[in-house]
Every structure is written in structure tokens, then in C-alpha cells.
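Data block below; observations after.
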There are 2 protein chains.
Amino acid sequence: MSDSTVDSATGRRGRKSGAPTIYDIAELAGVNPSTVSRALNQPGRVSAATEARIRAAAAELDFHINPLARALPTGRTNTLAVVVADITNPVVFGIIRGAERAASRAGFTLIIAESQESGSLEAATIDRLIPSVDGIVLATTRLPDDEITRIAARKPLVTINRAMDGVISVAPDVRPGITQLVDHLHGLGHRTVAFVSGPGRSWISERRWEALLDAARALGMSVFEIGPNSPTIEGGVRAFERVEASGATSVVAYNDLVALGLIKAAREKGIDVPRDLSVAGFDDIFGAEFISPPLTTVRADLLGAGAVAVQELFRKIGVDAAVADSEELTTELVARESTGPLPTAR
Amino acid sequence: MSDSTVDSATGRRGRKSGAPTIYDIAELAGVNPSTVSRALNQPGRVSAATEARIRAAAAELDFHINPLARALPTGRTNTLAVVVADITNPVVFGIIRGAERAASRAGFTLIIAESQESGSLEAATIDRLIPSVDGIVLATTRLPDDEITRIAARKPLVTINRAMDGVISVAPDVRPGITQLVDHLHGLGHRTVAFVSGPGRSWISERRWEALLDAARALGMSVFEIGPNSPTIEGGVRAFERVEASGATSVVAYNDLVALGLIKAAREKGIDVPRDLSVAGFDDIFGAEFISPPLTTVRADLLGAGAVAVQELFRKIGVDAAVADSEELTTELVARESTGPLPTAR
DNA sequence: CCCCGGTTGGCAACCGATTGACAATCGGGG
DNA sequence: CCCCGATTGTCAATCGGTTGCCAACCGGGG
């Protein structure tokens, strides 16, 4: 045994942050560090008197446990990641908030990562994050299926608005909202509706299209798809020409941003919405009610989707925390003024 | 190598996550784990040949370093936290994005925490986060000064839009934008302007008010403050009555949300913006150009503010990464249609 | 042929917790 | 009075890296 001189006398050398540790508590309370650990998180494992002494010492030192140090032996980080393609996309807003609430309610920390619309950057970011989190929510992913499968094999993972075999998925049911929307348009006299779709590979775009198709057919309306398009205002602007050429009297956009673009392009051509053309979107993003005209849209419970995604992750990793109010995720029509009666003459 | 031997190391004994470690690499490369560590992050410390062998082994195992394990001995987590009061506030969007970009450019991970407008929750969240991060950005804090000081003593900390002694602060200079705005209003014929301020304790609200006061006085305009108000649409709605009573022909709101509320309330009373009343805001939030009427506003470089905040943190913790394009944060007027010529009769 | 300085790699002690195994202690029943 | 089981607390190994210190090794000059 080589005598380690520096040790006992000076105390722990070069403490980096000065944050108190369980060793400090142990010393103050006159017990062994492991007893401190047990007192603090295995209720009943140590005597009430000892526990009280330890808690008092912890309070006195303003002790906060170091989650990193805890994570090492336990393998549990109490952290979840939400990956989004674009933080400024209003859609991820509600998802993040719902997830954040749910996570913090269970004492979990949430990491938000932005992939900046790049699949490879997204994969790299996730690789970096994997060891530090207990689970991953893919809110608006750009990753190909096989890559998602690969990641899901390494960490609990939930996707939002994108279904895949063998991967837990959370998605509000689009049919109620779309059925309401189509009824609404039909009631206004429209008999033909165009769907300005999203990116070619978007799972949710296809779901919306299918639901629209079914609902429109059920009412005997003529319906067709225009796309694919970028899911942005610019995408809507660019799609407008084809909408106009199609002669449709009503148009359902992939999302509110695209709807905004359509309205903008229409205005520039002197076509009035909703007098000459009815436009509806999806998501009911912030501001949808303030624009001119206020946008008719199908709202999804994004907050709920974020919460349910976290809930599913908790279920998978064995945390029992009732965190989402409901698991019924649905959609509903929000009728405003961008849709109106059939144009009498065009 | 199409024939990849089905991984001889089938079951690493009871390892919890199965993620490869430097020990696995060491074994595969026939060296000591410490040599692996050195090869991977102390360039030149090991021979080129050994390093190559180690890197090959790492690649073969698809090794990703465990940031938690690294953080323990080094005390460096490569993680930054951004704390916001309300994730749905459009203002924090740009800040988060700017910070995210800057952080990830330097290989740092960003944690977003929401305090849900509660000071005590914010303090608790930060206490929980402190051991896991290298620095903290307070984007829209609800914390009292002394609490901020307390935290700043424990971790590098930067505030945005709030200055305090002894704490690094980042804030775009409001004067250029406000001067432009006042010139703009004056040029339209307005001689009286009301400021609908933000929360009583808001540092940035006071800065805006002071700048507005100076600029208006310089032009001989009459100017007064109405407040405090909640920084929301609802806050604007509630403040409208007092604006109307004041007889001001132009009003500058604490932010775009408040401006929106004012416009909404005005419309409900049959008062047209901008014909009867000119309204301007701050921040140029998403949607400001689509609402009706498109909002005149003072835009701040929020993206830049987020990036500079991270830059300052890096400086403080000794990371040299040029990450922000510029450190000059300014503001500018974006004139749209919610401001117009002086009402001829009122 | 030996000595020397510079490389290169290994050993072992940490970082701050957790936890299985075990020892000490205590009260109570026989 | 002794033994036994239950309770309480201690020891030491461990998670996955990092790093100071030192030994082995290298080639070259004297």
C-alpha cells in the first residue's frame, strides 16, 4: 500500500465547482456516503432519526444531486430528447410545449434538438444525444425509415405524425376534422376541391389526402391532388398557378403555411378569398385568426400529441407517471372566413 | 468485406445498454483504455499507427463517446441551457434558434427549459439543471435580481434583454429602431404617442419607454405611458380603453402581441387601424406581416441575440469558437400598414 | 557499446453517485 | 443468559471516461 499523502489532510483536491456532494453530507452528518444515498432515495431503508439528520445536513449545504453522476451507475438520465426539423415551424410549438409539461411533471428534463431540415445532421445529432437520454421523440423528422429503425433499436423512440412498423407512433386522427371540413365546404355549395399536398414523402400528407378523398367522395364531390409541395408559404405561392388552372372552387392546403402562401398569391392576382376561392389549411397555427381573412383550418391537438408521445416513452422505459390528460387525439374544424359560399361567377 | 462475421462478441456480459465503450475499443485494438482516450482526444499524444488502429476499431464498433461519463472527471458537459418563461412566446423563437445554431456549431447540446411564468418553478428548474450544464442563458426570466446573482455565482450565466450589475447581459440596442419609428410617426403627422408598456418589472419595457420618450421629445411630440400590462394579446385588449381615453393618435405597444390585442379591441369598437389610430409593436413576430392590417413593428435581431449570448458563455468558460457572425445587435423599423397618416377628424 | 533524451503506452486514482453483500447492533423470546 | 432474526449502516465494486506519473522503448551520438 503506497501511502497517498495528499489525501486525508487537505480534503478533496481541487474541487471544481464547489457543489456539495453526498460525501460532504456524510461528513457533516457523521455517516457513510452510501447511507446518505439510501436515506435520500430509498425511503425506509435507514432509520428515521438518521434520515432526518441527513436531510438536515443536505438542506444546510443546499445540496443538489448531480444527475450526471447518478446516471452513470444507474443508466437512467431522467432526460428526454425532442427532435424537430425546424424550430420556427409553428407546428412543433405545441408539441414541444406538451412534451415539456409532461416531462417536467415527472421530473424529467427535455432536450430540444433542431436538425435544420437535414437528415444527416439529424442522424448525427441523435447519435450524439443517445447516451445522454432515456428516450427520443421524433416530432418532424427527415430521417428515412431504416435510419429510424436503427435508432429505435438503440433507444426507446416515438414518432409523431409518422407511422412505421415496429415503432411507436402518435398521431391525431385526421378524419373527424377533415370530415367536418368537407361537410362545411359542401354546405357552402362547393362541388370540387383541390388538395395542395405536402412533401412527397410526408406520411401525414398522405393521411390527409386519403381522408379528404374519402370524405369528398362520400358527398359526391370531385377531388384531386396538386403536389408535392414544400410545406411553406413559398410552397403555397408556387402551387397557386396550378390551383387556378384546375378551376377548383375550394382548396385544402397541406398546412396553414401553404394556405397562407395560396392566399398571398391569390391576392396578388386580384383573386379574392373567399369570394372567388375558398382556402383551408391544417394546424391552426399561431396567428391564423389574425390574418386577413382569418383562416379556416383543421386543428389538431398538438399539445396532447407531445404529451402522449412522452407518455408512451414513459410506458416503454417503465416510468409510471400519469402525465397526459387523455390519449384520445383528435382533430376538429375551425371555421373562419377564408372559406365562403360558392363563387356565383368566375 | 461483405462477409461481416456475425459479431463474435455476441453478448457482452450484462452490459446495460450494449453501447460500445473505450474498453471495447482497447480490447479490439490491443491497447490500454487510457491509450484509446488519448488517441481520440489528444492529437499527437499517441503514435500515428496506434491512433489509426484505434480509430479503425472505434469506427468498426460504431463507437460514440458517452458525454455523461466524460463530464464526470472533466466537469465539462458540453451542454448549455436556455431558460424561457413561455415557450409559446414568439420572441423566444429567434433566441432559441440563434442559440441552438451557435451551440451546435461548437459541438454543444442545448437544453430548453420552460418556467411556465413562475419564478419559483424557474429557480427550481435551474437548480436541477446546474450540475448538468456548463452555462445558462436566461432568455425571458421571471427571477428577481438577487436570485439571478445567486445562480450566476454558481454557473456562467448570461441574460438577454435584462441588464444587471455583475451579470453578463445581451440586448439589442433599441434606440435605432425606436428613433426610426418615431420619425416615421412624426412624418405621418402624429404629434402625440402613447406607450402601452409591459409588465411592471420588465427591464426591456423600461428601455423602450425611455428611448421612446427621448425620441418623441426630440421632435417635440407629446408622449405618455400606459401600464403596466400583461405582455399578451389579452393585455393589449385590456389596455385599449385607456388608450382611447387618452386621445393619442398613435400608440406604440410593448410588443407585437400587445399591439395585436389593441388592434383587435379597436376593431370591436369600430375604430379603424390605421385610419383612426396608428398602432406599432416590437419584435416582428411570425405572422406580423399577414395579419390585417400588416403590423408596423420594430424588429430586433433575436437570432443574433441568442447567438451572442452563447458566444459570451463560450468566452466565459474558455471555449474558443467563433460562433456569432457579429456582436453588433441593433433594431430597425419595419413599416407596414398598421400606421398611417394622422386622422383628420376624430 | 553505453548512455541519453524524447516518445509511447500502461497503471491507477479519481469524478459523484448507486447497490449487493455483509457486519454490527438491538430487542425479544425461550 | 443466550441465541436469533430483523434492522441499520459500512465496505467496496462499479458505471465510462480522464489524466498525472512513470516505465519501457526507441534511435542516435559519443
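Letters A, B, ... are given to chains in the order of the sequence lines, protein chains preceding strands, and every chain is numbered from 1.
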- Message: Suppose we call a contact any N or O donor and acceptor under 3.5 Å apart; does that hold for the side chain of A:T21 and the base of C:dC15?
- Response: no
[atom1] of [X] versus [atom2] of [N]: gap in Å, rounded?
X: A:Y23; N: C:dC15; atom1: OH; atom2: P; result: 8 Å
X: B:I25; N: C:dG9; atom1: CD1; atom2: P; result: 15 Å
X: A:D24; N: C:dC15; atom1: CG; atom2: C1'; result: 13 Å
X: A:Q42; N: C:dT19; atom1: CD; atom2: C1'; result: 7 Å
X: A:R70; N: D:dG16; atom1: CZ; atom2: C1'; result: 18 Å
X: B:N41; N: D:dT19; atom1: CG; atom2: C1'; result: 11 Å
X: B:L72; N: D:dT19; atom1: CG; atom2: P; result: 12 Å
X: A:L68; N: D:dT14; atom1: CG; atom2: P; result: 22 Å

- When all nucleic acid strands are considered with a 4.0 Å heavy-atom cut-off, which category describes A:I65: base, sugar-phosphate, or nothing? sugar-phosphate
- Want to settle it: does B:G30 or B:A71 sit nearer the 5' end of DNA chain C, counting the closest nucleotide to each? B:G30
- Which nucleotide in the set D:dG16, C:dT18, D:dT19 lies at the smallest distance from any side-chain heavy atom of B:N66? D:dG16
- So, is A:S34 close to the C:dT18 phosphate, meaning a side-chain N or O under 4.0 Å from OP1 or OP2? no
- Please name all residues satisfying salt bridge (Lys or Arg N to Asp or Glu O under 4.0 Å) with A:D145, sequence neighbours left out, ordered by chain then number. A:R162
- Query: In chain order, what residues pass the salt bridge (Lys or Arg N to Asp or Glu O under 4.0 Å) check against A:R45, with sequence neighbours excluded?
  - Reply: none
Using a cutoff of under 3.5 Å, can you pull out all pairs of nitrogen or oxygen atoms linking the protein to nucleotides 5-9 of chain D, with atom names and distances?
from  : atom 1 : to    : atom 2 : distance (Å)
D:dG9 : OP1    : A:S47 : OG     : 3.4
D:dG9 : OP1    : A:T50 : OG1    : 2.2
D:dG9 : OP2    : A:S47 : N      : 3.1
D:dG9 : N7     : A:R45 : NH1    : 3.1
D:dG9 : O6     : A:R45 : NH2    : 2.6

- Message: Strictly distance-based, threshold 3.5 Å: is any side-chain N or O of B:T125 a donor or acceptor partner for the main-chain N or O of B:L121?
- Response: yes
- Query: Excluding sequence neighbours, so at least two apart, what forms side chain to side chain contact (heavy atoms under 4.5 Å, CB included) with B:D134?
  - Reply: B:R76, B:T77, B:N78, B:L80, B:F108, B:I317
- Message: List the residues meeting side chain to side chain contact (heavy atoms under 4.5 Å, CB included) with B:E27, not counting sequence neighbours, and say none if there are none.
- Response: none
- Item | ring-ring contact (aromatic ring centres under 6.0 Å, His included): pairs with one or both residues in residues 114-153 of chain A, sequence neighbours excluded | none
- Do you know the tightest heavy-atom contact between A:P20 and A:D62? CG-O, 3.8 Å
